[in-house]
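Contents: one structure, followed by commentary.
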Amino acid sequence: MSSRIPGFYKLSVEERLKKVAEFAGLSDEEVKAVLSQGLPLDVADRMIENVIGTFELPLGIATNFLIDGKDYLIPMAIEEPSVVAAASNAARMARESGGFKTDYTGSLMIGQIQVTKLSNPQAARFEVLSHKEEIIEKANECDPMLVKLGGGCRDVEARVIDTIMGKMLIVHLIVDVLDAMGANAVNTMCESVAPFIERITGGKVYLRIISNLAKYRLARAKAVFDKDVIGGEEVVEGIMLAYAFAAADPFRCATHNKGIMNGISALMIATGNDFRAIEAGAHSYASIGGYKPLTTYEVDKKGNLVGTIEVPMAVGVIGGATKVNPLAKISLKILGVDTAEELARVAAALGLAQNFAALRALATEGIQRGHMELHARNLAIMAGAVGDEVDKVVEIMVRDRKIRLDYAKEILEKMRG
Ligand code: MEV
């Protein structure tokens, strides 16, 4: 089935859900779970401490995504208006030139072991590297299941760093965590090899913890935006100028990257992933060598815009809340993904779409119109408009730049004679 569903936004909540259920093959029970707001209190009570209730967000669906030749409806949990519409709109434009192509470097996470109180840190580094195989073996002993499935600790790195508390040896375990986000597996490995590392270095280990700068777990996406589809040469130039601005100015770059994360984090929340880890990874990766945009833009020979994104993507489809929160499970089913790799690829495409949409809006009419339209829609409905009346009332309010409830009522009264 195609994810291109014209007029999806005009349907009622129930009608939209019906379309999504058809697309994803949701059962009646799953449909009911989405409508009944998902997370049961007893499950919530087991997820964190001191629970007093649950907290909800709107769950929207971004349409039109064609990624590596496959159609996706992307669930997004977010409080901000226009984000879902913007992603869908960008995906519709990318579709015209074949959609998004993606790439993934594999599910390799980094665990850090901090070795202190070393009289000869370089000699300690030598000892760690020359005991690499033993360290890997010990790390893998604590997760036989991961190893059986084809994952596990793959490599060991060691660096001496200078700190205000003197020199330290930082050991990295490089672990293939397969379909998990990986924090549990990696932290357990770091803790279990720490005594051995103390023994061979003569130092004292303090921290043993995953790094969220997941630079070996990158997702990439690319899309061509046809200049005629996106509004012509001037729009292409506007987007190039917006990109140049972000690449040259950290104040702008923060907002540029924030817009990317609007999409990625909304998908992470919908699928029960640790969105703080993803945010930390994205911004720290963007800071390597000076804070830079996570996306790039170029103009090809035909004058079309070519966008790419490269971003760490420590996502999981097993463990954590992904399998505990019923809505997260349903989101994964709507997406139709069952590997971390595929989720990471989709997330990268979504981030690129979100960024392209923001830059296009900013370089042309600005983003307020979109926000205002949604606000106007709400007011039209509050004023009592139904069916086609809603669009007409919205159109007049936006045209007259008078987005107020009393004006919506006035237009509606006039329309109904
Ligand atoms: C708003 O949440 C996101 C934008 O500010 C992103 C951007 O400026 O690129 C629109």
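For clarity, every value in this text was computed on a predicted model and none was experimentally measured. Atoms within each ligand, like the ligands themselves, are counted from 1 in listed order. Hydrogens, waters and symmetry mates play no part in the numbers below; they use all other heavy atoms, side chains included.
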Next item on the list: Report, in ascending order of atom number, the atoms of ligand 1 lying under 4.0 Å from any heavy atom of Glu80.
Entry: 1 (C), 2 (O)
Margin query: Judged on heavy-atom distance to atom 8 (O) of ligand 1, which of Arg252, His256, Gln354 sits nearest?
Written below: Arg252
Note to self: Using 30° and 60° as the class boundaries, would you call the ring planes of Phe225 and Phe356 parallel, tilted or perpendicular?
What the structure shows: parallel
Notebook entry, point to check: Using a heavy-atom cut-off of under 4.0 Å, does the side chain or the backbone of Asn355 touch ligand 1, or both, or neither?
Noted result: neither
Checklist line | Residues Asp274, Arg276: salt bridge by 4.0 Å N-O rule | finding: yes
Check: Is the Lys NZ or Arg CZ of Lys19 less than 6.0 Å from the centre of Phe23's six-membered ring, within 45° of the axis?
Finding: no
Next item on the list: Look at Arg416 together with Glu389 and state whether they make a salt bridge at an N to O cut-off of under 4.0 Å.
Entry: yes
Item checked: Side chain, backbone, both or neither: Leu362 near ligand 1, heavy atoms under 4.0 Å -> side chain
Next item on the list: Check the angle between the aromatic planes of Tyr291 and His283 and answer parallel, tilted or perpendicular using the 30° and 60° thresholds.
Entry: parallel
Check: Counting heavy atoms only, which of Ile78, Thr255, Asn262 comes nearest to atom 6 (C) of ligand 1?
Finding: Thr255
Check: Which atoms of ligand 1 have any heavy atom of Lys258 under 4.0 Å away?
Finding: 1 (C), 2 (O)
